Structure formats: C-alpha cells, structure tokens
Amino acid sequence: HWTTYEFVRSPRSHTMPGFRTIIAQIGLPIFLLTAVPDPGRGQQHQSAAELLEKFKGSGIFWQQFEVAKKIVEVRDTSILPQLKPWLSHEDRHLRGNAAFIFAALGDRRGFDVITAILDDVSERPEGQGTVAGRWTLRGQITADRYYAVHLLGELKDPQAVPVLVALLRDEEVNYKVPWALGEIGGKAAVRGLMEALRENSPDVRVIAIESLDKLHAKDALPRLRSLLDDNARSGFGEQVSVAEAARKAIINLERSPDSVQ
C-alpha cells in the first residue's frame, strides 16, 4: 500500500486518489499522491483499540484517514462511543475522518456529519487542505467541502448519489463530484455522470467521461460520440480535451463486454 500527499501551490486542484491532480481557478492546493511506503505497512492484526489510539494521535488528515480505513476493516463498533467527540471536532477534515468510520460501520450519524459539512459555512479556525500562508475563511470552507465530497466517494454508499448530483451546479466542488460518483458506481451514479457531461467545466466533463469508462457504462456511448467535436481542454494532467477523453472511452467501452449494474 502506498500513500502520502505532497502539497504544492496552485490556483485550484482536484485529487484523483493515487493518480494525479486537476488545476482550475479557486484558492485550493494541489494534492499529489506519491509512492512512499505507508508507515503502517507490515503491522498486521492491530486491534481496534490500538488503531483507535493511533487515530487519535494522527493530526494530519490524510495519515489519519489511512488509520480510519484500517479501523473500518476491523469492523468493531465498540470503539464508536470513544470517537463520538470527534464528530464535532473544529477541524472539519478530522471530523470527516471520524464520520467516515461511523458511516462505514453502519452508523447513520457518520453520513449525516459528512453531508452537513457540505452545507456548513460557519466561522472556523484555520484547518487543513488550504495553501500555507494564504489562509482565508472562504478557502477553508471550500477545502472542507471538497474533502467531504472526497469522503463520500471513499464511502461508496449509493445514498450519497443524489447529494453529489445536486453539487454538479456548485462550482466550488463540482470538479470532484464525477470522481466520487465513479467510486460509488451503480445505475444512479451513471445517470449522474451523464448529467455531468452537460456541465460547463471541461474538467467536470473529462472526469465524468473517465468515470463512465471505469464503470463500463455502455449506455453512455451515444452521448460520448456527441462529444467528439468538443475541443475544450481540461486544466489538469496532460490537459486532454473533452473530445480526446471521449474518443478513448468509446474505444474502451466498445471493447468491453460488461455494463454497469
């Protein structure tokens, strides 16, 4: 398992976990995932209690999230009462990590806390996910909302689909939505991704195309073919055009024997 983040100055970014970044126009950092061994690798069979202490001692959100995933794997709900105070942590990234554990272990409070972060525009201290030395309240709110979308994708819960689709019109975080829908999968997510193909942002359209490709969504082929003259370019990675992304997806889908369920 490989996981770390490298923080780089940029106007705006989209994190494709484990792969690359998207650059756009509002004050957020880039998160680059680079191949650095997970410090927890090799420490097998850790108890829920041991992982809980490790979670509490991890103040950096992406490191803490790796521990959160290990806690979920143990499937021990007895630790949830000890995590309850974290559901109101002032750092929304850490709050979200705790909520992810609750939600992934079947406790509805977790899902509700994550979705509440999306609507939370209240005052807060400087947290995580923004560019060092350039903090603003608006930037922090946007970073926290972005991370909430990320967590919904990591959660892979179909009940998040309507929440995410509603965010496609939200220019602060909509560039993250198609990735999250692609992580969740299912027919409802595919319908949401088809809707995302109509968005103004080429970043959103390109990521939606890639997620449809990933989900083997053959029903999207007619819509993808209609994008072959869309030469608007994305602002991340190799800055491919919508048409180039569509052409690649069409080739893959025409070869694929499977369709999304």
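Here the structure is a predicted model, which is why all the values come from computation and not from measurement.
- Shown here is Lys248, whose NZ atom has no more than 12 heavy atoms of other residues, nucleotides or ligands within 6.0 Å.
- Residue Ile117 comes nearest to Ala148 through the heavy atom pair CG2-CB, 3.9 Å, listed as atom of the first residue, atom of the second, then distance.
- Between Phe100 and Lys69 the shortest side-chain heavy-atom distance falls below 4.5 Å.
- Ring geometry for His150 against Trp179 counts as parallel: the plane angle stays under 30°, on a 0 to 90° scale with 60° as the upper cut.
- Atom CG of Asp119 sits about 12.0 Å away from atom CD1 of Ile141, to the nearest 0.5 Å.
- Placement of Val121 and Val163 in two distinct hydrophobic clusters is found when ILVMFWY residues are connected by side-chain heavy-atom separations under 4.5 Å, directly or transitively.
- Salt-bridge formation is not detected for the pair Glu90/Arg95: no Lys NZ or Arg NE/NH1/NH2 atom is positioned less than 4.0 Å from an Asp or Glu carboxylate oxygen.
- Salt bridge status for Arg169 with Glu195: present, with a side-chain N to carboxylate O gap under 4.0 Å.
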Subject >> Phe55/Ile79 under side chain to side chain contact (heavy atoms under 4.5 Å, CB included): CA gap, chis, key distance, verdict >> reply: CA-CA 11 Å; Phe55 180 90; Ile79 55 91; over 6 Å; no

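- Judged as a ring-ring contact (aromatic ring centres under 6.0 Å, His included), and not counting sequence neighbours, Phe102 has no contacts.
- With rounding to the nearest 0.5 Å, the separation of OG1 in Thr115 from CD in Gln159 is 8.5 Å.
- Heavy-atom minimum distance, Ile114 versus Ala99: CG1-CB, 3.6 Å.
- Taking a cutoff of 4.0 Å between a charged side-chain nitrogen and a carboxylate oxygen, Lys70 and Glu50 do not qualify as a salt bridge.
- Centroid-to-centroid, the aromatic rings of Trp62 and His93 stay 6.0 Å apart or farther.
- The salt bridge (Lys or Arg N to Asp or Glu O under 4.0 Å) check on Asp76 picks up nothing, with sequence neighbours excluded.
- Heavy-atom neighbours of Glu238 CD from other residues, nucleotides or ligands within 6.0 Å: at or below the threshold of 12.
- Taking all atoms of both residues into account, the shortest heavy-atom contact from Lys156 to Pro158 is O-CD, 3.6 Å.
- With respect to Lys54 and Glu66, no salt bridge is recorded, no charged nitrogen being found less than 4.0 Å from a carboxylate O.
- Listed by first and then second residue, the salt bridge (Lys or Arg N to Asp or Glu O under 4.0 Å) pairs involving residues 107-117 are Asp107-Arg109, Arg108-Asp112 (not counting sequence neighbours).
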Original post:
Can you list the steps and then say if Arg223 with Arg198 is a side chain to side chain contact (heavy atoms under 4.5 Å, CB included)?
Top reply: CA-CA 10 Å; Arg223 183 72 182 98; Arg198 301 185 180 93; 3.8 Å; yes

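- Side chains of Val161 and Leu181 form a contact here, defined as non-hydrogen atoms less than 4.5 Å apart.
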